[in-house]
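Both ligands and their constituent atoms are indexed starting at 1 by order of listing.
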Amino acid sequence: MKNLLEVENLKVNFRTKKERLRAVRGISFSLKKGETLCIVGESGCGKSITSLSIIGLLPSNGEIAEGSIKLDGNELLGKTENELEIMRGNEISMIFQEPMTALNPTFTIGFQLREPLMIHKKMSKKEATKKSIELLEKVGIPNPVEKLRQFPHELSGGMRQRVMIAMALACEPSLLLADEPTTALDVTIQAQILELMDELKRQMGMGVVFVTHDMGVVAEIADRVMVMYAGEVVEIGDVDRIFNHPQHPYTKGLLGAVPNVDDEEHHLNIIPGSMPNLDDEISGCRFHPRCPYAMDICRKKNPTTFQVTSSHQSKCWLQEVTDVDRLHTTS
Ligand code: SF4
Ligand code: MG
């Protein structure tokens with residue numbers, strides 16, 4: 001199948017007064033229609049920056065230094081703010097962790113749902129209202145007609161999240177970006193929303209890029225998984241490959257990280273040490289200071305991305321030296 005999204009050698013920098021920080025260091029990946037790619041990694045690995053780059057919403061001190069982002073074959077980089085504005089909500093939508101960042105507190109739910117439909121889909125007010133009611137029903141909101149008249153603050157957190165999903169889906173985007181969209185919700189609502197997104201993905205055939213640090217969520221929804229570490233993609237592959245045959249030591253660490261119920265925030269940090277800061281220039285493999293398998297070459301040379309199977313890659317020198325093992329594990 002043709003790729004819906006193609007990201008090639010994407011490099012994103014952040015300017016500070018003194019220097020230029022390299023937040024994303026030349027990553028490449030692709031996504032097919034109807035596929036969910038989960039981007040995982042610890043805070044600050046570049047996963048959110050990657051999704052914000054795709055939708056053209058980097059913070060003002062961020063800049064795309066190099067690379068290419070193509071949606072359905074069309075280059076997104078270099079588009080004007082106007083052109084991007086048309087694409088947002090139309091071809092690409094984004095769901096954020098905190099619904100209030102996407103909802104305007106001063107307008108009713110109805111107004112906010114109708115607007116994009118009237119602008120992007122050229123619907124009349126009546127058509128847009130009908131479609132809004134359908135959308136609210138689709139995301140499982142009771143009494144949708146009444147909800148259209150309410151303001152965001154009149155709804156619970158879970159309902160607001162559903163409204164935001166309805167908004168994101170209103171124009172039937174071909175690509176949905178979701179950045180930890182369920183982290184702030186309780187477990188039951190989280191499960192309902194994940195199920196709903198999956199169902200809608202199937203019905204509408206959209207591609208989904210889902211950013212999360214929660215491997216439980218990944219297991220639930222991913223078709224493919226991309227593991228990022230310190231601005232680089234260290235492993236990417238089908239979800240069953242990543243869970244059953246992880247190759248990169250960092251991925252193995254993430255999978256071994258058992259959620260610590262007492263310490264939600266740090267539950268991935270049981271890999272000893274912490275991720276380097278953006279301005280730390282580390283020789284060789286950026287994971288080497290934390291890697292239990294680090295070899296001489298790892299301290300000197302940044303690893304090549306090795307092809308483990310046709311759809312599985314790992315950026316680690318172990319792929320080269322354990323060729324024999326690899327044949328055993330992949331056969
Ligand atoms: Fe560890 Fe070396 Fe692989 Fe980096 S390249 S993850 S240091 S074994
Ligand atoms: Mg983030």
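- Within the protein, the N, O or S atoms lying under 2.8 Å from atom 1 (Fe) of ligand 1 are Cys291 SG.
- Listed by chain and number, the hydrophobic cluster partners of Phe151 come to none, as no ILVMFWY side chain reaches under 4.5 Å of it.
- Sorted pairs that involve residues 151-171 and meet salt bridge (charged side-chain N to carboxylate O under 4.0 Å, His left out), not counting sequence neighbours, are lacking altogether.
- Glu127 is linked by a salt bridge (Lys or Arg N to Asp or Glu O under 4.0 Å) to nothing, counting only residues two or more places apart in sequence or in another chain.
- With respect to Lys11 and Glu66, a salt bridge is recorded, a charged nitrogen being found less than 4.0 Å from a carboxylate O.
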### Query
salt bridge (Lys or Arg N to Asp or Glu O under 4.0 Å) between Arg224 and Glu35: does it pass, once the steps are laid out?
CA-CA 8 Å; Arg224 288 198 306 134; Glu35 189 174 67; 3.5 Å; yes
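- Side-chain contact between Met226 and Cys38 is absent, with no heavy atoms from C-beta onward closer than 4.5 Å.
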